[in-house]
**Q** 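The structure is given below, and queries will be raised subsequently.
Computed from heavy atoms alone, side chains included, the values below leave out hydrogens, waters and symmetry copies. Order of appearance sets the numbers: ligands from 1, and atoms from 1 within every ligand. From a predicted model like this one, the values you see are computed outputs, not experimental measurements. We're numbering straight along the sequence, starting at 1.
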Amino acid sequence: MASHLKNLSDFSHTTVPTAGPYKFGIVVAAWNAEVTGKLYNGAYESLLKYGTREENIISVEVAGSYELIAAADILLTSKELDAVICLGCVIQGETRHFDFICDAVGHGLANVGLKHTKPVIFGVLTTDNQEQALDRAGGKHGNKGDEAAITAIKMADMASKLK
Ligand SMILES: Nc1c(NC[C@H](O)[C@H](O)[C@H](O)CO)[nH]c(=O)[nH]c1=O
Ligand SMILES: CC(=O)[C@@H](O)COP(=O)(O)O
């Protein structure tokens, strides 16, 4: 379902497990910080809402969405985490750079997750303009950061039950 047809922060239709046992990394890109800061706040507050202890959240900032890839890899290599949430905002400019960044980040984060056999959550907005991004960072379509955090909790809980 397209984001504009759903609220990215409405999880009243589903059960979210308690996140108490789990440890999470959050990587946030500084590019478009007026958007990514809202994504981060949404993700952080959602983790706390469902029981994550503050000491079990490791947050790092990187320059842009492309650096989310390396940061997620470094976090999973150096820390025992149950999932890593990657937050960014890529907005179309005048050139095809948007296409290359979005493609690289999508494939890169997927490969990091496979490398570590850990959930790496794609919380990256890829929009035509800033208005669309703000609509999905606490605006009329909810907050992609909320969605990313709850996805991380569900994935961590799923993996835990398979051990
Ligand atoms: N244009 C956007 C970027 N570009 C920067 C890249 O992500 C990267 O930091 C640079 O190419 C150096 O490796 N990043 C975003 O997150 N959002 C954009 O709109
Ligand atoms: C996604 C980008 O890197 C983009 O914002 C860069 O803008 P431009 O294509 O105008 O150089």
**Q** Say whether A29, considering both its backbone and side-chain N or O atoms, lies within less than 3.5 Å of an N or O atom on ligand 1.
**A** no
**Q** Within a 6.0 Å radius of atom CZ on F122, are there more than 12 heavy atoms belonging to other residues, nucleotides or ligands?
**A** yes
**Q** In plain terms, say whether K161 and D157 are close enough for a salt bridge, that is, a side-chain N and a carboxylate O under 4.0 Å apart.
**A** yes
**Q** Tell me, which pairs form a side-chain hydrogen bond (donor to acceptor under 3.5 Å, both in side chains) where one or both residues lie in residues 135-148, sequence neighbours left out?
**A** S9-D146, S46-D146, K144-E147
**Q** Distance from K38 atom NZ to L125 atom CG, nearest 0.5 Å?
**A** 12.5 Å
**Q** S59 and Y40: side-chain donor and acceptor closer than 3.5 Å?
**A** yes
**Q** Kindly state each residue pair satisfying side-chain hydrogen bond (donor to acceptor under 3.5 Å, both in side chains) with at least one member in residues 87-106, sequence neighbours excluded.
**A** D103-H107
**Q** Do K23 and T52 get their side chains close enough for a donor-acceptor pair, meaning under 3.5 Å?
**A** no
**Q** Is there a heavy atom in C89 that sits closer than 4.0 Å to ligand 1?
**A** yes
**Q** What atoms of ligand 1 come within less than 4.0 Å of a heavy atom belonging to N32?
**A** 17 (N), 18 (C), 19 (O)
**Q** For atom 5 (C) of ligand 1, what is the closest protein heavy atom, and at what distance to 0.1 Å?
**A** W31 NE1, 3.4 Å
**Q** On a heavy-atom basis, I'd like to know which of T127, V105, I101, T95 is closest to atom 6 (C) of ligand 1.
**A** I101
**Q** Quick check for students: name every N or O atom pair between ligand 2 and the protein closer than 3.5 Å, with distances.
**A**
residue  : atom   : partner : partner atom : Å
ligand 2 : 3 (O)  : H97     : ND1          : 2.4
ligand 2 : 5 (O)  : I91     : O            : 3.1
ligand 2 : 9 (O)  : E94     : N            : 3.3
ligand 2 : 9 (O)  : T95     : N            : 2.9
ligand 2 : 9 (O)  : T95     : OG1          : 2.6
ligand 2 : 10 (O) : E94     : N            : 2.8

**Q** Supply the atom-to-atom distance N41 CG to T36 OG1, rounded to the nearest 0.5 angstrom.
**A** 9.5 Å
**Q** Any idea which protein heavy atom is nearest atom 8 (C) of ligand 1, and the distance to it?
**A** E67 OE1, 3.4 Å
**Q** Show the nearest heavy-atom pair for residues S65 and V105, with the distance to one decimal.
**A** O-CG2, 3.4 Å
**Q** In terms of atom number and element, which parts of ligand 1 are under 4.0 angstrom from non-hydrogen atoms of G64?
**A** 7 (O), 9 (O), 16 (O)
**Q** Looking at ligand 1, does any of its N/O atoms fall within less than 3.5 Å of an N/O of I91?
**A** yes
**Q** Using the test side-chain hydrogen bond (donor to acceptor under 3.5 Å, both in side chains), find all partners of E45 that sit at least two apart in sequence or belong to another chain.
**A** none
